[in-house]
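Take a look at the structure below.
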Amino acid sequence: MALTFGTDLSGKVAVVTGAGGVLCGMFAKTLAEAGAKVAVLDLNEQAAKEIADTIEKEGFTAKAYKANVLERSSLEEVHASILAELGPCDILINGAGGNNARANTDKEYFEMGDIEADVKSFFDLDQSGVEFVFNLNFLGTLLPCQIFAKDMIGREGCSILNISSMNAFTPLTKIPAYSGAKAAISNFTQWLAVHFSKVGIRVNAIAPGFFVTQQNEKLLFNEDGTPTKRTEKILSATPMGRFGDASELNGALLFFLNNEAASFITGVVLPIDGGFSAYSGV
Ligand SMILES: NC(=O)c1ccc[n+]([C@@H]2O[C@H](COP(=O)([O-])OP(=O)(O)OC[C@H]3O[C@@H](n4cnc5c(N)ncnc54)[C@H](O)[C@@H]3O)[C@@H](O)[C@H]2O)c1
């Protein structure tokens, strides 16, 4: 059982998008252990079912829903089912997100000769890849807020948690679209916090540093399991000298959702990064 740090979410309905994935699957379990009834949403229905089944087997409440955060009709349909089966949404975690190789450059720096060489430079970035990454992260956060935050209006203790990233503060090399899209999420978190401040909905975000999951595994480790050059750079730029363990995000998750502990906190983007964003490298 995960630590719930004294946060009691009994009676609350938590909707978690991207909950078939590594980080948000864990968030779904943590919220269920804290007492919430959890709607496990993912485009990958099988992954969502596996998470919901694990939660149910442990005696907590969860239900899987296939949902596409980029399609309003899909979200509306799932919203209607959640209302009927679990009740109105009190907590929304916008976890669906990620990057795509079509929006990455091969190299960190553009150098003379790159246009002629067989490398994917800035000039070769695929427009549809960039659009995909922007939409998945930004629109895929905004649309679920439109659909699920309506349930929160006029009800006490409701809040939204978005997932930003380290690269929102300072962009990481090679991934301009993902960096820009996460910066947009941080910005939107502040915007929505202000917009909803009169109706009692708190909106915050966490900005995880480096945690190994499916989506970044290939960037961080070679096929033989040895660390890539990027891993060496990340670890030397992380004062704590290691990757984070996903469970180390749980404290912030539960703190932000705890309406007694965090009652006056809205519009905040919290780095959870072993000191990465504080370190200049010197
Ligand atoms: N892993 C890290 O180090 C790290 C760091 C910073 C931020 N993040 C962010 O945390 C969040 C979760 O990341 P993760 O590492 O657990 O990734 P993950 O790939 O394990 O999970 C993402 C999930 O989102 C789902 N998804 C993708 N498109 C969808 C769509 N259109 N509709 C609904 N679901 C969709 C996927 O099926 C997947 O299950 C993402 O927003 C990611 O950008 C991760």
Side-chain angles (χ1 to χ4, degrees), residues 15-30 39-52 64-79 92-101 103-104 131-144 147-148 161-172 175 177-186 188-189 205-221 230-231 234-235 238 242-250 252-253 269-274 276-277:
V15 174
V16 186
T17 74
V22 178
L23 296 185
C24 290
M26 182 197 68
F27 291 168
K29 289 179 195 161
T30 303
V40 177
L41 273 58
D42 206 288
L43 192 57
N44 181 339
E45 193 173 13
Q46 187 53 34
K49 276 196 175 131
E50 280 168 25
I51 296 289
Y65 298 90
K66 182 179 165 79
N68 185 349
V69 293
L70 297 175
E71 274 180 24
R72 174 179 286 276
S73 57
S74 161
L75 291 167
E76 280 169 345
E77 204 175 296
V78 166
H79 177 228
L92 171 65
I93 313 290
N94 282 306
N99 194 18
N100 186 283
N104 298 351
E131 283 167 356
F132 173 84
V133 173
F134 254 86
N135 284 345
L136 175 57
N137 291 281
F138 183 65
L139 204 60
T141 293
L142 186 145
L143 287 179
I147 305 300
F148 292 103
L161 191 71
N162 296 329
I163 318 294
S164 183
S165 170
M166 251 331 82
N167 57 42
F169 302 105
T170 308
L172 301 183
I175 53 171
Y178 185 58
S179 297
K182 287 298 190 186
I185 288 182
S186 292
F188 175 64
T189 299
I206 55 171
F210 296 90
F211 298 79
V212 185
T213 61
Q214 283 122 262
Q215 68 174 248
N216 59 16
E217 209 169 23
K218 287 195 185 118
L219 279 172
L220 302 178
F221 294 98
R230 197 170 178 85
T231 286
I234 290 167
L235 296 184
T238 302
R242 62 174 175 86
F243 285 113
D245 185 280
S247 65
E248 292 177 296
L249 299 171
N250 278 328
L253 169 84
V269 181
L270 181 72
I272 305 170
D273 65 349
F276 182 91
S277 59

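In listed order, ligands and their atoms are each counted from 1. None of these values were measured; they are calculated from a predicted model. Values below: all heavy atoms of this structure, side chains included; hydrogens, waters and symmetry mates excluded.
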Using modelled atom types and a 3.5 Å cut-off, is there a donor and acceptor pairing between side-chain atoms of Lys66 and backbone atoms of Leu43? yes
Flag side-chain contact, heavy atom, 4.5 Å: Ile163 against Phe27: yes
Would you call the rings of Phe188 and Phe138 parallel, tilted or perpendicular if under 30° counts as parallel and over 60° as perpendicular? perpendicular
Could you establish whether Ala47 and ligand 1 come within less than 4.0 Å of each other, counting only heavy atoms on the residue side? no
Nearest 0.5 Å please: distance from the OG atom of Ser164 over to the CZ atom of Phe169. 6.0 Å
For Asn44 and ligand 1, does the shortest N/O to N/O distance drop below 3.5 Å? no
Which distance, rounded to the nearest 0.5 Å, do you find between the CG of Leu249 and the CD1 of Ile272? 5.0 Å
Mark the output for Ile163 as yes if a heavy-atom distance to ligand 1 is under 4.0 Å, and as no if none is. yes
Looking only at the side chains, is there a donor atom on one of Thr141 and Asn162 sitting less than 3.5 Å from an acceptor on the other? no
Per-atom contacts, ligand 1 versus Ala67 - under 4.0 Å to a heavy atom: 32 (N), 33 (C)
Side chain or backbone, does Gly95 bring an N or O within less than 3.5 Å of an N or O on ligand 1? yes
Heavy-atom contacts under 4.0 Å between Leu136 and ligand 1: side chain, backbone, both, or neither? side chain
Those atoms of ligand 1 less than 4.0 Å from some heavy atom in Tyr178: 7 (C), 8 (N), 9 (C), 42 (C), 43 (O)
List the atom of Leu253, the atom of Leu161, and the distance in Å for their closest heavy-atom pair. CD1-CD2, 3.7 Å
Does any N/O atom on Phe211 come nearer than 3.5 Å to any N/O atom on ligand 1? yes
Please confirm whether Val22 comes within less than 3.5 Å of ligand 1 when only nitrogen or oxygen atoms on both sides are compared. yes
Numbered atoms of ligand 1 (with element) below 4.0 Å of Asn68, judged on heavy atoms: 30 (C), 31 (N), 32 (N)
Look only at the side chain of Ser74 and the backbone of Asn68, and say whether a donor-acceptor pair between them is shorter than 3.5 Å. yes
So, does Gly209 sit close enough to ligand 1 that a heavy atom of it is under 4.0 Å from the ligand? yes
Compare every heavy atom of Ser247 with every heavy atom of Asp245, then report the nearest pair and how far apart it is. OD1-OG, 2.6 Å
Phe243 and Leu235: side chain to side chain contact (heavy atoms under 4.5 Å, CB included), yes or no, with the steps? CA-CA 7 Å; Phe243 285 113; Leu235 296 184; 4.2 Å; yes
Under 4.0 Å between heavy atoms, the region of Ser164 that gets near ligand 1 turns out to be backbone
May I ask which of Ala168, Pro208, Gly244 has a heavy atom nearer to atom 6 (C) of ligand 1 than the others do? Pro208
Proximal candidate to atom 21 (O) of ligand 1 [heavy atom criterion; set Ala19, Ser165, Gly21, Ala96]: Gly21
Relative to ligand 1, is Lys182 under 4.0 angstrom through side chain, backbone, both or neither, heavy atoms considered? side chain
